[in-house]
Protein chains: 2
Amino acid sequence: MINQYKEQLKEHNLKLTDKRLKLIEVLAGDEKYMSAKEIQSKLADYFPTISYDTIYRNLHTLTDIGVFEQTSLDQEMHYKIACVTHHHHHFICERCGVTQVVEYCPVEKWQNELGDVKLNSHKVELYGYCEKCA
Amino acid sequence: MINQYKEQLKEHNLKLTDKRLKLIEVLAGDEKYMSAKEIQSKLADYFPTISYDTIYRNLHTLTDIGVFEQTSLDQEMHYKIACVTHHHHHFICERCGVTQVVEYCPVEKWQNELGDVKLNSHKVELYGYCEKCA
DNA sequence: TCCTAATTCGTAATCATTCTGATTAAACTA
DNA sequence: TAGTTTAATCAGAATGATTACGAATTAGGA
């Protein structure tokens, strides 16, 4: 499964560095939104001196090419591995951060309602407590 | 119309200070999301030395009691006057920040799809260019 | 193996936001 | 209207996330 991401990196002429691959591994291994701090603490097991510059730069780069997706929670950016299958949104647990997919998205209804505006993107996020945290 | 907000302040035992009232006036006069910086520059006409502490504190306080609503854009919080009429969401122009209401919200469908999670809140935001900015 | 541009490092800088302790003023009471 | 109380404000320092910078390292190709 990591090979799919290696392909994506190559397609964008990005080098396969150990930091990048481990970063992808960490995010791919846990289907939840994580802050830069959480990510650095997980990476610290493998790279104790990794720079925040490296973390942030790669989070941006990989978000740009669609490997990660981001959202702003508690005034800090959080990142998770992107879902490539099809368009959908997420429920996010406010306690533990785990996500659950929601398929339904009425974007055409909204476009109809809006009329002549040019819709570029949209965000749908559902917040609450997952079954474990409730 | 400002009287409605004065009532809300009184209901929550908040004092009617000149800074607060002008802040509400500024946000109520422009139906768009504004950053703290934009807000301070508008307030500076009336209170050249107003402190950011005052601005942020009141933005929070008034958001808490439902006078303002907030969203995170470009890693900074933005605020607008709240719409009190009924539940709905917004389209936000990525260039000028103006908003447009969208009525449709399938929150029950999402709750059905999610099953046993406890849904506390949700965010729906549509981004793009308004007719003027397109 | 060597070259070169991309990547990373360590740290300083920036920027939004929050905190602190002192001062001011809204609102209530007499 | 003056006095009292307590919330609100101020100025500026502190915090915390994120970005920038110049030097050092390294992936990937020749």
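Below, chain A is the first sequence line, B the second, and so on; all start at residue 1.
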Please set out all donor-acceptor pairs under 3.5 angstrom arising from side-chain atoms of residues 126-134 of chain B, sequence neighbours excluded.
{"unit_1": "B:Y127", "atom_1": "OH", "unit_2": "B:E125", "atom_2": "OE1", "d": "2.4"}

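- At most 12 heavy atoms of other shown residues, nucleotides or ligands fall within 6.0 angstrom of atom CG in A:D116.
- The side-chain contact (heavy atoms from CB on, under 4.5 Å) test applied to A:F47 returns A:D18, A:K19, A:K22, A:I50, not counting sequence neighbours.
- At its two ends the helix from C:dT1-D:dA30 to C:dA30-D:dT1 runs along axes set 30° apart, each axis drawn from five pairs and the angle rounded to 10°.
- Residues that satisfy the side-chain contact (heavy atoms from CB on, under 4.5 Å) test with B:S72, not counting sequence neighbours, are A:S72, B:M77.
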List, one per line, each side-chain donor-acceptor pair under 3.5 Å for residues 3-17 of chain A, sequence neighbours excluded.
{"unit_1": "A:H12", "atom_1": "ND1", "unit_2": "A:Q8", "atom_2": "O", "d": "3.0"}
{"unit_1": "A:T17", "atom_1": "OG1", "unit_2": "A:R20", "atom_2": "N", "d": "3.2"}

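- Contacts between residues 34-44 of chain B and DNA chain C, counted as heavy-atom distances below 4.0 Å, involve B:A36, B:K37.
- A 4.5 Å side-chain heavy-atom check between A:L62 and A:Y79 finds every atom pair outside the cut-off.
- The stretch residues 12-26 of chain B touches DNA chain D through B:L14, B:K15, B:T17, B:K19, B:R20, each having a heavy atom within less than 4.0 Å of the strand.
- Listed for the B:E38 side chain is a donor-acceptor partner under 3.5 Å among the backbone atoms of B:S35.
- Residues satisfying the side-chain contact (heavy atoms from CB on, under 4.5 Å) test with A:S41, not counting sequence neighbours, are none.
- The local environment of CG in A:D74 is sparse, with at most 12 non-hydrogen atoms from other residues, nucleotides or ligands closer than 6.0 Å.
- Note that the first and last nucleotides of DNA chain D, 5' to 3', having any atom under 4.0 angstrom from a heavy atom of chain A are D:dA17 to D:dG28.
- Between A:H89 and A:H87, the ring planes lie perpendicular to each other; the angle is over 60°, past the 30° to 60° tilted range.
- The stretch residues 55-80 of chain B touches DNA chain D through B:R57, B:N58, B:Q75, each having a heavy atom under 4.0 angstrom from the strand.
- More than 12 heavy atoms of other residues, nucleotides or ligands shown are found within 6.0 angstrom of OH on A:Y104.
- Not a single side chain to side chain donor-acceptor pair (under 3.5 Å) links B:R95 to another residue, sequence neighbours left out.
- Looking at B:Q70, its side chain never comes within 3.5 Å of a backbone N or O of B:T63 through a donor-acceptor pair.
- Applying the ring pair (Phe, Tyr, Trp, His ring centres under 6.0 Å) test to A:H86 and every residue at least two apart in sequence or in another chain returns A:H88.
- Proximity of B:L23 to B:F68: side-chain heavy atoms (C-beta onward) are separated by under 4.5 Å at one or more points.
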